[in-house]
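These numbers come from the heavy atoms of this one structure, side chains and all, not from hydrogens, waters or symmetry mates. Letters A, B, ... mirror the listed sequences (proteins, then strands); counts begin at 1. Bear in mind that the values here come from a model prediction, so they are computed numbers and not experimental data.
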Number of protein chains: 2
Amino acid sequence: MKITFPDKNVREYPEGTTALEIAKSISEGLARNVLSAKINGEVWDATRPILKDAAIELLTWDTTEGKSTMWHSSAHLMAEALEFFYPGVKFGIGPPVDHGFYYDVDLGDNTISSEDFKKIEDKMLELARKSNKYIRKEVPKKEAIEFFTEKNDQYKLDLLQDLEDGTITFYQQGNFTDLCRGPHIPDTGFIKAIKLMNIAGAYWRGDEKNKQLTRIYGITFPKKSQLDEYLVMLEEAKKRDHRKIGKELEIFTFDDDVGPGLPLWLPNGAVLIEELERLAKKTEQAAGYVRVRTPHIAKESMYLTSGHLPYYKESMFPPMEFDGEKYYLKAMNCPHHHKIFKELNPSYKDLPVRLAEYGTCYRYEQSGELFGLMRVRQLQMNDAHIYCTREQFADEFRAVNDMYLKYFKIFGIDKYVMRFSTHDPKKLGKKYVDNSELWLQTEDMVRNVLIDSNIPYVEVPDEGAFYGPKIDVQVWSAIGREFTLATNQVDFAIPARFGLTFRNAKNELETPICIHRAPLGTHERFIGFLIEHFAGNFPIWMAPKQVAILPISEKYNEFSKKLLQLLINSDIRGLVDDRDEKIGKKIRDAELKKIPYMLIIGEKEQAENKVSVRKHGSGDIGTLSLKEFTELIQKEIDTILNPSNN
Amino acid sequence: MKITFPDKNVREYPEGTTALEIAKSISEGLARNVLSAKINGEVWDATRPILKDAAIELLTWDTTEGKSTMWHSSAHLMAEALEFFYPGVKFGIGPPVDHGFYYDVDLGDNTISSEDFKKIEDKMLELARKSNKYIRKEVPKKEAIEFFTEKNDQYKLDLLQDLEDGTITFYQQGNFTDLCRGPHIPDTGFIKAIKLMNIAGAYWRGDEKNKQLTRIYGITFPKKSQLDEYLVMLEEAKKRDHRKIGKELEIFTFDDDVGPGLPLWLPNGAVLIEELERLAKKTEQAAGYVRVRTPHIAKESMYLTSGHLPYYKESMFPPMEFDGEKYYLKAMNCPHHHKIFKELNPSYKDLPVRLAEYGTCYRYEQSGELFGLMRVRQLQMNDAHIYCTREQFADEFRAVNDMYLKYFKIFGIDKYVMRFSTHDPKKLGKKYVDNSELWLQTEDMVRNVLIDSNIPYVEVPDEGAFYGPKIDVQVWSAIGREFTLATNQVDFAIPARFGLTFRNAKNELETPICIHRAPLGTHERFIGFLIEHFAGNFPIWMAPKQVAILPISEKYNEFSKKLLQLLINSDIRGLVDDRDEKIGKKIRDAELKKIPYMLIIGEKEQAENKVSVRKHGSGDIGTLSLKEFTELIQKEIDTILNPSNN
């Protein structure tokens, strides 16, 4: 049979060869790292025989699916250990999650606490070292029911009710057998490091009328060092928690009378926002964008045209009714921008039209889903819509990518991936707008730009938006946590719904392609990310206070205030700490506030009209005139904001 | 009896002296200009005898009340003329309005059109020249009913039903007698110029079940030249109509699917907004304000605390209900800012706290009340709230005034008045918060600042807000039309409702005073005003496009585009007109777009790397290097935006 690799290379293998054997045929080292494999787009056990021609992708720890397989198998391993310590324990569901796995268990009369974690981890490690194989077995429904009836596990029996005969599989490793769709790793030996994280309560099937089970979270790794790094990262993430630092640095707050998920930005947070907007506006202006301003509400009719009603209704706030009409808070800016495009009525000579707005949108999230700035109900979005011809599309998309790369440099984001979601030709006209040619054309263009620009990307089939390919931008913070900050979408369906056209060179009406893009995401999520990324030590250009002037006694307060006014005149943000405190205390407090520069002002400084400069986290850097100091700051800002010049 | 003048001067007059006689006792010239008089705060006929000690203010054409009296009397004069031409005509109501007066009349089988205006105006002038006195007469209800029954005027009879016996007065001039509360001018001779404006239909008592009457609008003046000026101004206002220019210059638009009163700001309008915000932010930063950002919605509970619910409910949009709560779009930013003040929890050393935000508010206006940008449902407000101690109040209020004056200079607003509304001591605890001391103290401070700063102001008793004195800022556009752009309020009640406090120097909790201020009003109304004020010829710093580059043939398109990029790099907004058109046409089109500068680019300019500069409305100003031209623009901008430096 013919096996096609991702690079389009084709090799011949005997029928029944497994992905693991294929990996071995390439290298033993590779085989040691193969956790599962994508066979014709579906994730399989690496040990499952392939019976006919197929496209293959070997999945290692570096892939989302590889990690997922490992963690799914780890849930089974934990179950085996739990059955050892708590015979008769019943099992609900045990899936992989973003960071690890959990299993919901019914311990009967037993209880479990974090003090029990060590012994369970040790047992899991012991079982892992046995390198027990995960064995897949197709089981008739009758037999499956018999098995779990005998085991007296009502949860699995409950799950079985929903499954059709002929689709049921069991997986077994060591002494543990589970009802499971798989896939799994070849054997438990791949699991080298184990950590149980925490315990929570969870109602069976999420229904509070059912029994509450015990949910045990854990995570595993193929290397011990990876677990150590992960724990360090978690510890650091806790210190950098944006809610904690957001409070300490007075960046944002919530208020019961305003409502959950609706942050109030305090003066320090507003500086961050203003600076981000200044950067975005300057960048967008240089890139040929024009700005618009649109209301936060619109009539129902607009969202019926866009299709947000009824398809997105659950994410929208309920309507306000007056004048016999329903008005909705906007959840997206695009419909308003489409209306402006229509009013501008451009010809092909005017394209591309790039309409930018820091539009504030409102999306309804369940209150239980809300989380600090990361999951909110108000979103101040770095939004823009680019309307262009098909011929212009590749250049426009490239320019959008270049803007991302510029921002990544400015913010010191070294690790990022574009997750490029495409259509499935089989689902044209159903899940995807039925225009094969445009799908292939735009996907090709997007792919080529990604390859040309040398941007790391992964291609994910069958996850595009209804109206075109989608690019989710994933970045990693300084401590290695992953965030999805922004989504770009190519849209060749909605402009037609709004009747958007331009006259082309042949004087015919043509529908533009629209690129939705928001490189800085929303202020809420982006600032949440930046707080963690910088641990609150914002780079000088966006620091809420850039300079703390610290008079060593009240004799120098007046002079200090004059200095502050001079700094303000040079557009530098500062404060004078004129409290009746020792200079050491003033320095410590300025350090705690993470103010980038401190100016110590005493007799000598006042006499010589100079400032003694201290840098946050690094100490004294010498005595300068105010002019020299101002230039130093301005140069530092310029170096950060114009990385390509430097 | 003792008569007290506004300057607190007191003179003795015999009982029964009239205001007109008092005026004559000062000067004959003054008497010729006295239209009515305020006696103890109530507007009276200047010819009505004063029977005991009183405070007097003589009202001339320069006062709102003087104009009103004249226009009210003019309605009676028009009625007399109408009765002459249309015997048996019935009269509804005939009040003065902002600009003139109207009378609602039932012409029976007759009709009237603007072609009849001339003869009516002529008859009115003829009657005016007779200097017929307006004679006030108190009439028993019975007698009044008899009079109008005989006259067969069912409308006046209808009005009489609502009046109590003993409060009814008639006014008579020449052959016309009307049921009227007055006051009126001494005689018809004061009316020197008359213009009937237009005709509309109006249901009796505004109820469409009643008969539709004919409403005839007119205006009169004490001098012929004033009418001429008024008509020129109206003609100019028509040309400068912000809706017309707004469309021509692509500044804003409305869309049926978005909703009435909700402007969509097109790219040119967004430039105006961005520049205004840049100016405001810079000005506010220099003045020690900090910025905040708050959501556009909040829970019902916040507006119950603020008192907007129920007192302001009719001006708010209806609520959105979810999570078992009602959420409202904000109609004001203050409650959100109060919450931030509370979170910041400042001590007296941190005061004043000045929180600024370009907050977008939503207010429900009846759809019939909406008018272009002047009356809208969305308001982007140049808002800020200053929280200060009583001791700081005068300085803070002075600084706010200074900011107004700076803006007036920047925008070339030469005529302005602060309308200073105070409380009525008799209504403390009812219409006004019951704190006599704070009322008197803050009113005194406001008055002193207004006097010290030499700002023209009028004081209006009994029109303050519930929680403090109010200052409405009235400005006149370049063509002499009056606009109310902004309102400042002093607030010593609401902060207490929100439990806002600071620790004073004695370590006691004290409630701050709050100043609400918005010198640039809302973008909507202010830009509407500026469009008329500048007739769309925006000063260069805010012009949507500052420079049009006009290549004289397509040979110079490339060079022109290079020049544009250089201008953009210097933060100058421009365009290249690369159409295949004659240079004359390109210049005309740039002039129509009111672009401040045109650069003509031909062989010579390209060869010498220079630009030939043409100024909008003034023609060629010579050939410059691009650097010289850029400096010229930057200097022009600097001169406008920093008027005090120049």
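In this structure, the portion of A:Y364 lying under 4.5 Å from any heavy atom of chain B is its side chain and not its backbone. Contact annotation for A:Q380: only side-chain heavy atoms (C-beta onward) come within less than 4.5 Å of a heavy atom of chain B. The contact between A:K281 and chain B is made entirely by side chain atoms (from C-beta outward), counting heavy-atom distances below 4.5 Å. Contact annotation for A:Y362: only side-chain heavy atoms (C-beta onward) come within less than 4.5 Å of a heavy atom of chain B. There is no contact between A:P335 and chain B, counting heavy-atom distances below 4.5 Å. Residue A:R278: no heavy atom, backbone or side chain, is found under 4.5 Å from chain B. Contacts between B:Q378 and chain A at a heavy-atom distance below 4.5 Å involve the side chain alone, from C-beta outward. Contact annotation for A:T294: both backbone and side-chain heavy atoms come within less than 4.5 Å of a heavy atom of chain B. Both the backbone and the side chain of B:P318 have a heavy atom closer than 4.5 Å to some heavy atom of chain A. Looking at B:K326, there are no atoms closer than 4.5 Å to chain A (heavy atoms on both sides), in backbone or side chain.
Chain A forms more heavy-atom pairs under 4.5 Å with one residue of B:L355, B:L329, B:D578 than with any other, namely B:L329.
At distances below 3.5 Å, at least one donor-acceptor pair connects side-chain atoms of A:R497 with backbone N or O atoms of A:T305.
Salt-bridge annotation for A:E554 and A:R579: absent, with no side-chain N of the basic residue lying under 4.0 Å from a carboxylate O of the acidic one. At a threshold of 4.0 Å, the pair A:E284-A:R354 does not count as salt-bridged, since none of the basic side-chain nitrogens sits closer than that to a carboxylate oxygen.
Checked against the 6.0 Å centroid criterion, the rings of B:Y387 and B:H338 qualify as a close aromatic pair. Here the two rings, on B:Y358 and B:H523, have centers that are under 6.0 Å apart.
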For this session: Show your reasoning for whether ring pair (Phe, Tyr, Trp, His ring centres under 6.0 Å) applies to B:F322 and B:Y327.
Result: CA-CA 8 Å; B:F322 56 93; B:Y327 283 78; 4.3 Å; yes
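Among the candidates A:K339, A:K342, A:K299, the single residue satisfying the salt bridge (charged side-chain N to carboxylate O under 4.0 Å, His left out) test with B:D255 is A:K339.
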